[in-house]
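Here's the structure, in structure tokens; my notes come after.
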Amino acid sequence: MRTEEPVVERGNEGEAEVRERNAKEEEKEEVNDLEKGEVGFEEKVIHSNNHGENQNDHEEFQLSRFNRLNPTNPLRIMVNSATRVAAPPPAQSQRSQPRSTPTPRQHQPVTLNSRRYTNRISLFLFLVHMLLAVALVCFLVFKGVQGLLQSSNSSIKRKEKRVLHYFLPQVEAASVMSISLAFIWQKALRKWPTFMVHFILWCSFLMSLSAGILLLCFQKPPTDGVGVCFIAFAIGNGLYACWVNHRIKFCCKVLSLSLQPASKFPDLNQPTYYMLLVGFLWMSLWILAVIGALNFYFPPLIIIALGLSLAWTIEVMRNVVNVTVSRAIALYYLRGMQSSTPFCLLRAVTRNLGSACLGSLFVPTIEALRIVARGLNLLEGEDEFMFCCAHCCLRVMESIFRNGNGWAYVQIAAYGKGFVTASQDTWALFEKEKMEAIVDSDITSSICFLTGVCSGSICVIVVAAWTSKVNQRFTATLSLLTFFIGYFLTRIAMALPHACVSCYYVCYAENPDNRLFDKTIKDRLDLLNSGRDVAVPTPRVRRGRP
């Protein structure tokens, strides 16, 4: 132990001389240890603490001599280990803590490129439904051709020829006219959003009223019934246009802002073209299947089944466009990415198709229930029965809106979530930012709905006038059929502006500090919170009985 001998030999030196020499040696050692990685930092801290507590000088002297030892010396290593275990300094513990105990993540990372298929049960049911529908349509088309060419029953053959002669031209003309109107509406709304919002509100009122009056002029019971329905809807449409008048300004501003990113994607309308083409071809086969159903058992039930299948299929096409546009716009807001529209369409028709199928079944029902709940909410008064019905609907709607809403398509497209999970997460974001009143009072979905009604009413006016000149017996049937054709095809085209507005609200709720958003929503929230503006009460909010 030659290293210990100098420590013993110098133990009798004077106290002042020892301290002075120790201070100089510690300064040299501190410089050397800092260059080597602060080997003797613990001993220095212990030495200063012991000096502050008036311990004996012999112990201080020994510690200072230990600092002069080579860092690889066994005695130096043993002393360093003992001092580190006994009293680790705060600075060293902070430096070593991230290496030894990493901080656990509280949230799972959210991926924008999920590879899993969403809502597989809904996807399976839709695919099975499509297989059955294609098989039934092909079979009925075959039966129709067989009835026209080989049927021995002259009455069936005559009926099919009459239906083919008076149904098919009007339906095809209504389909072409609906597609043309759909592109006109979409282009005009993207170019003049403020003007078109006002125009659609009142044009749908005038067109539906005109269609109802025209059908009443034929003075036939079927056309009178359909005409009364159109007139009743027109009255409700006019009242709604007056009721939402104070919300139009904010809606137009949001619509204008939300459509701005769409100009950065030149091919963003391609999914709309594809879906409208597929819808046109499917409707052409569908009308031939309706003709063939006349040569089969239970024609009314088969035609009703074909109608429900057509409604679900067209609604899925609309939501495929919705999901495609939502992914492109949402990635632009969230990550600043300009994604490929064909790739977004591919994901929409594969991995996210199940959510689109499930949403296509429930979102229209939810919207219808929402309208009923709003009506009961307005009619609620002293009547006990109406009071109970209104509050029952309010409780149901509160649960429905949390578990299924049209805003979910943004997170379905961006993160690959299921329909219910996306609905819950989206509504939680709105509640976090206190945006429920704003999104509930948004009228974009109503504008898109009324655009479809306007196209359908125009088709009714044209087809009803045409059919009344060739065969008035089919006027009522063709009026209803062409109205739904015009409505559904127009809604496919209007999915693009609807998706842009949905992305604007949802992406703002997720990151309000995003530089791509201005203060439009923030200022609106401030107005609502300060009481200078009032949002329309929603059916989800429980109000006390007066």
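Across every non-hydrogen atom of L528 and A437, the tightest pair is CD1-CB, 4.2 Å. When all heavy atoms of A182 and L489 are compared, the pair lying nearest together is CB-O, 3.9 Å. When all heavy atoms of L306 and W286 are compared, the closest pair comes out as O-NE1, 2.9 Å. When all heavy atoms of A422 and A408 are compared, the pair lying nearest together is CB-O, 3.6 Å. The two residues T444 and C251 have their closest heavy-atom pair at OG1-SG, 4.1 Å. Taking all atoms of both residues into account, the shortest heavy-atom contact from A509 to P512 is O-CD, 4.1 Å.
For the pair R247 and W243, the cation sits on the ring face: its NZ or CZ lies under 6.0 Å from the ring centre, inside 45° of the axis. A cation-pi arrangement, defined by a distance under 6.0 Å to the six-membered ring centre and an angle within 45 degrees of its axis, is present between R524 and F250.
Residues satisfying the side chain to side chain donor-acceptor pair (under 3.5 Å) criterion with D425, sequence neighbours excluded, are K417. For Q424, the side-chain contact (heavy atoms from CB on, under 4.5 Å) criterion is met by N403, V420, not counting sequence neighbours. Partners of N322 by side chain to side chain donor-acceptor pair (under 3.5 Å), not counting sequence neighbours, listed by chain and number: S326. Applying the side-chain contact (heavy atoms from CB on, under 4.5 Å) test to A464 and every residue at least two apart in sequence or in another chain returns L214, L215, F218, T475, S479. Scored by the ring pair (Phe, Tyr, Trp, His ring centres under 6.0 Å) test, W312 finds F126, H129 as partners (sequence neighbours excluded). Evaluation of the side chain to side chain donor-acceptor pair (under 3.5 Å) rule for S208 yields no partner, not counting sequence neighbours. Residues forming a salt bridge (Lys or Arg N to Asp or Glu O under 4.0 Å) with E433 (at least two apart in sequence, or on another chain): none. Legend: residues meeting side-chain contact (heavy atoms from CB on, under 4.5 Å) with L516, ordered by chain and number and at least two apart, are Y332, Y333, N514. Residues satisfying the side chain to side chain donor-acceptor pair (under 3.5 Å) criterion with N119, sequence neighbours excluded, are S355.
Residues D523 and D526 form a side-chain contact, since some pair of their non-hydrogen atoms from C-beta on lies under 4.5 Å apart. At a threshold of 4.5 Å between non-hydrogen side-chain atoms, the residues V463 and F483 do not count as touching. Annotation: side chain of E172 is in contact with side chain of S284 (closest heavy-atom distance under 4.5 Å). Side chains of N529 and K434 form no contact here, defined as non-hydrogen atoms less than 4.5 Å apart. Residues L353 and Y117 have side chains not in contact (no heavy-atom distance under 4.5 Å, counting atoms from C-beta outward). Looking at I492 and Y273, their side chains never come closer than 4.5 Å, going by heavy atoms from C-beta outward. Two residues are said to be in side-chain contact when any heavy atoms from C-beta on lie closer than 4.5 Å; M317 and Y274 fail this criterion. With a 4.5 Å cut-off on side-chain heavy atoms, F183 and L276 count as touching.
Atom SG of residue C459 and atom CZ of residue F484 lie 12.5 Å apart, to the nearest 0.5 angstrom. How far CG of N319 is from OH of Y409: 3.5 Å, rounded to the nearest 0.5 Å. Residue F474 holds its CZ atom at 9.5 Å from OG1 of T467, rounded to the nearest 0.5 Å. To the nearest 0.5 Å, atoms CD1 (I184) and CG (L181) are separated by 5.5 Å. Rounding to the nearest 0.5 Å places CG of L123 at 10.5 Å from CG of N352. Once rounded to the nearest 0.5 Å, the distance linking CH2 of W407 with OG1 of T426 reads 10.0 Å.
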Just list the side-chain donor-acceptor pairs under 3.5 Å for residues 195-206, sequence neighbours left out, or say none.
unit_1	atom_1	unit_2	atom_2	d
H198	ND1	T194	O	3.0
S204	OG	I200	O	2.9
S204	OG	L201	O	3.1
S204	OG	N237	ND2	2.7

In a table with atom names and distances, give each donor-acceptor pair under 3.5 Å that connects a side chain of residues 498-505 to protein atoms at least two apart or in another chain.
unit_1	atom_1	unit_2	atom_2	d
S502	OG	H498	O	3.0
Y504	OH	D518	OD1	3.2
Y505	OH	D442	OD1	3.2

All N/O donor-acceptor pairs, side-chain side in residues 448-456, below 3.5 Å, sequence neighbours left out:
unit_1	atom_1	unit_2	atom_2	d
T451	OG1	I447	O	2.6
S455	OG	W185	NE1	2.8
S455	OG	T451	O	3.4
S455	OG	T490	OG1	3.0

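The residues K220 and D224 are annotated as not salt-bridged, no charged nitrogen and carboxylate oxygen being separated by less than 4.0 angstrom. Ion pair R402/E431 flagged as a salt bridge, since at least one NZ, NE, NH1 or NH2 atom sits closer than 4.0 Å to an Asp/Glu carboxylate oxygen.
With T324 contributing its side chain and T341 its backbone, the two residues share no donor-acceptor pair below 3.5 Å. Although no hydrogens or angles enter the test, the distance criterion places no donor-acceptor pair under 3.5 Å between the side chain of S309 and the main chain of A305. Counting only distance, with no hydrogens or angles, the side chain of T365 and the backbone of L361 share a donor-acceptor pair below 3.5 Å. In this structure a side-chain-to-backbone donor-acceptor pair under 3.5 Å is missing from R318 to R491. Put simply, the side chain of S263 gets close to the backbone of Q260: a donor and an acceptor are under 3.5 Å apart. Checking side-chain atoms of Q170 against main-chain N and O of L478 turns up no donor-acceptor pair under 3.5 Å.
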- Working for side-chain contact (heavy atoms from CB on, under 4.5 Å), residues L345 and Q270: CA-CA 9 Å; L345 177 61; Q270 284 187 0; over 6 Å; no

- Message: The test is side-chain contact (heavy atoms from CB on, under 4.5 Å); show your working for F280 and V176 and say whether it passes.
- Response: CA-CA 8 Å; F280 174 77; V176 174; 3.9 Å; yes

- Task: Would you please test I458 and I461 for side-chain contact (heavy atoms from CB on, under 4.5 Å) and show each step?
- Result: CA-CA 5 Å; I458 294 174; I461 293 172; 5.5 Å; no

- Task: Could you walk me through whether S114 and Y415 pass side chain to side chain donor-acceptor pair (under 3.5 Å), step by step?
- Result: CA-CA 6 Å; S114 174; Y415 302 117; over 6 Å; no

- Task: May I have the step-by-step check of side-chain contact (heavy atoms from CB on, under 4.5 Å) for Y240 and I443, ending in yes or no?
- Result: CA-CA 11 Å; Y240 177 78; I443 63 173; 3.6 Å; yes

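For L131, the CG atom counts as densely surrounded, since its 6.0 Å shell holds more than 12 non-hydrogen atoms of other residues, nucleotides or ligands. Remark: F362 CZ is loosely packed, at most 12 non-hydrogen atoms of other residues, nucleotides or ligands lying under 6.0 Å away. Under a cut-off of 6.0 angstrom, the local environment of CZ in F517 is crowded, with over 12 non-hydrogen atoms contributed by other residues, nucleotides or ligands. For F265, the CZ atom sits in a packed shell: over 12 heavy atoms of surrounding residues, nucleotides or ligands are nearer than 6.0 Å.
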